[in-house]
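Counting convention: from 1, in listed order, for ligands and their atoms alike.
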Amino acid sequence: DTGSAAATPEQYDIQYLTPVSLGTPPQILNLDFDSGSSDLWVFSSETPASQVKGQAQYNPSKSSTSKEVSGATWDISYGDGSSSSGNVYTDVVNVGNATFAGQAVETAQQVSSSFTSDTNNDGLLGLAFSTINTVQPEQQKTFFDNIRDDLDSPVWTADLKHNEPGTYNFGFIDDSLYTGKIAYTDVDSSDGFWMITLDSYSVGSSTSNLSSRAFHHRPSTFPSPSDSASTPLTGIADTGTTLALLPDSVCTEYYSQVSSAANSQTAGGYVFDCDATLPDFTYTVGSTTITIPGEYINYAPVDTTGEQCFGGIQSDADIGFSIFGDIALKAAFVVFEDDGSSPRLGFAQK
Ligand SMILES: Cc1ccc(-c2noc([C@H]3C[C@@H](O)CN3)n2)cc1F
């Protein structure tokens, strides 16, 4: 079995939506595929009308293949403080022709205001590890965990793009979607996330090592060249987070190269003049180097004057690890591989 479906960005690539077919006859909803959580939940006939603003709603009573999971409930909250909760059914779920008959479909009986106002988003499809699925009393499996054994290969891939549709594939690696070689790194899934350590990062195309510049006498007190070119970054690959949330030291290093940049309390992060030239941000996995072009890091205008823009790289606020969200992932072809025992993440240029 294999599946392939488009990942279409909302404005500013804030999130990517992918059509999913639920039930019999098929009910199509556009879901936010999230490698940072593990619940498949949908706006439904059980969502109060006051909390629905244009979203498509899954109606289990209109599906001949739906079955209520008696006594099961779910309740989830996301990194930005939004939340949702409700009941659980199983039904046929089809993503680009990859199909599983008994997938847990979590119907929303409550969604927080940010989901209500997100009018094109009909729910989430979690692709992190099933150990953090929130259904009680019996935890449910993610779509990928359910279909993994039927897939030609135990992988799903993300080819997210800037301002244009990309692709989520299940069960195969499409060699036409990347260049060079895919470099793999081991995943630590003990917290339920696709957690990895990137071998190094660097800011800008200028070398991070001062000694490569015209050599002038450098008093011994001169700070040693920043060795970001060999500093690892540990974090989670999170397709459901818009930005790249990195350690404060990395943010400081990056925005020191942007003369108009400031860390604004009112804007809630680093902002700069919208016409600023931004340096690239590069990270390496093994022998593969991924370059996020500077223009990807001009995320969006802060307000309608369009003078100040919000950075795509922001602080991870001491969560304890970085969050490699869409800003970081859309520059790469990413392979999420899990044979059930030793998960890996692969990165390739494209
Ligand atoms: C309105 C809305 C809010 C949040 C999210 C959301 N989806 O994935 C994530 C990240 C953060 C972490 O929780 C898991 N992945 N956040 C989506 C929304 F449509």
Side-chain angles (χ1 to χ4, degrees), residues 7-20 29-44 47-48 51-58 74-86 106-108 110-135 142-144 156 158 160 166 168 187-196 234-246 268-269 299-300 310 312-330 334 336 345:
T8 302
E10 292 279 274
Q11 188 181 35
Y12 303 122
D13 301 347
I14 192 168
Q15 64 188 331
Y16 294 79
L17 297 175
T18 298
V20 175
L29 275 64
N30 296 318
L31 304 185
D32 175 4
F33 283 26
D34 176 21
S35 62
S37 67
S38 303
D39 286 49
L40 193 173
W41 73 263
V42 291
F43 276 79
S44 74
T47 313
Q51 296 178 18
V52 182
K53 220 170 94 188
Q55 291 86 357
Q57 297 166 266
Y58 166 67
W74 60 282
D75 189 333
I76 196 164
S77 56
Y78 295 96
D80 68 344
S82 56
S83 62
S84 51
S85 62
E106 303 171 28
T107 52
Q110 176 275 328
V111 302
S112 63
S113 59
S114 52
F115 283 112
T116 298
S117 49
D118 193 357
T119 55
N120 296 318
N121 181 341
D122 305 328
L124 266 71
L125 189 143
L127 291 166
F129 293 83
S130 298
T131 48
I132 58 173
N133 172 269
T134 74
V135 175
T142 66
F143 176 72
F144 178 58
W156 62 278
L160 300 178
Y168 284 120
V187 163
D188 170 2
S189 61
S190 53
D191 286 331
F193 301 121
W194 294 88
M195 183 170 285
I196 56 169
T234 296
I236 67 171
D238 187 352
T239 56
T241 286
T242 310
L243 305 181
L245 307 181
L246 305 179
Y299 171 64
F310 198 72
I313 287 174
Q314 296 293 344
S315 170
D316 64 14
D318 305 326
I319 307 168
F321 50 85
S322 295
I323 300 189
F324 308 125
D326 299 330
I327 288 282
L329 301 178
K330 74 178 88 165
V334 189
F336 295 76
L345 215 49

field: Nearest-option assignment for atom 3 (C) of ligand 1, heavy atoms, candidates S35, S77, S82
entry: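 Result: the heavy atom closest to atom 3 (C) of ligand 1 is in S82.
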Answer yes or no: is there a donor N or O on one side and an acceptor on the other, between the side chain of [X] and the main chain of [Y], under 3.5 Å?
{"X": "T239", "Y": "S35", "answer": "yes"}
{"X": "D122", "Y": "N30", "answer": "yes"}
{"X": "T116", "Y": "Q51", "answer": "yes"}
{"X": "S315", "Y": "A317", "answer": "yes"}
{"X": "Q55", "Y": "G123", "answer": "no"}

What atoms of ligand 1 come closer than 4.0 angstrom to any heavy atom of [X]?
{"X": "D32", "value": "7 (N), 17 (C)"}
{"X": "D238", "value": "10 (C), 11 (C), 12 (C), 14 (C), 15 (N)"}
{"X": "L124", "value": "7 (N)"}
{"X": "G79", "value": "11 (C), 12 (C), 13 (O)"}
{"X": "Q15", "value": "19 (F)"}
{"X": "D80", "value": "3 (C), 4 (C)"}
{"X": "N121", "value": "19 (F)"}
{"X": "G36", "value": "14 (C), 15 (N)"}

task: Check each heavy atom of I323 against ligand 1 and say whether those closer than 4.0 Å belong to the side chain, the backbone, both or neither.
output: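 None of I323 does.
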Counting non-hydrogen protein atoms only, what is the nearest one to [atom]? Give residue, atom name and distance.
{"atom": "atom 2 (C) of ligand 1", "value": "F115 CE2, 3.4 Å"}
{"atom": "atom 11 (C) of ligand 1", "value": "T241 OG1, 3.5 Å"}
{"atom": "atom 16 (N) of ligand 1", "value": "G240 O, 3.5 Å"}
{"atom": "atom 8 (O) of ligand 1", "value": "D34 OD2, 3.0 Å"}

- prompt: Going through the checks in order, is the side-chain contact (heavy atoms from CB on, under 4.5 Å) test met by N133 and D39?
  reply: CA-CA 5 Å; N133 172 269; D39 286 49; 3.4 Å; yes
- prompt: Which is it for D13 and L160 under the side-chain contact (heavy atoms from CB on, under 4.5 Å) test, yes or no, and what are the steps along the way?
  reply: CA-CA 9 Å; D13 301 347; L160 300 178; over 6 Å; no
task: Of all the heavy-atom pairs spanning I132 and S37, show the shortest one and how long it is.
output: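 Looks like CD1-CA, 4.4 Å.
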Ring-ring centroid check F115 Y78, cutoff 6.0 Å: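 Judged by ring-centre distance (under 6.0 Å), F115 and Y78 do meet the cut-off.
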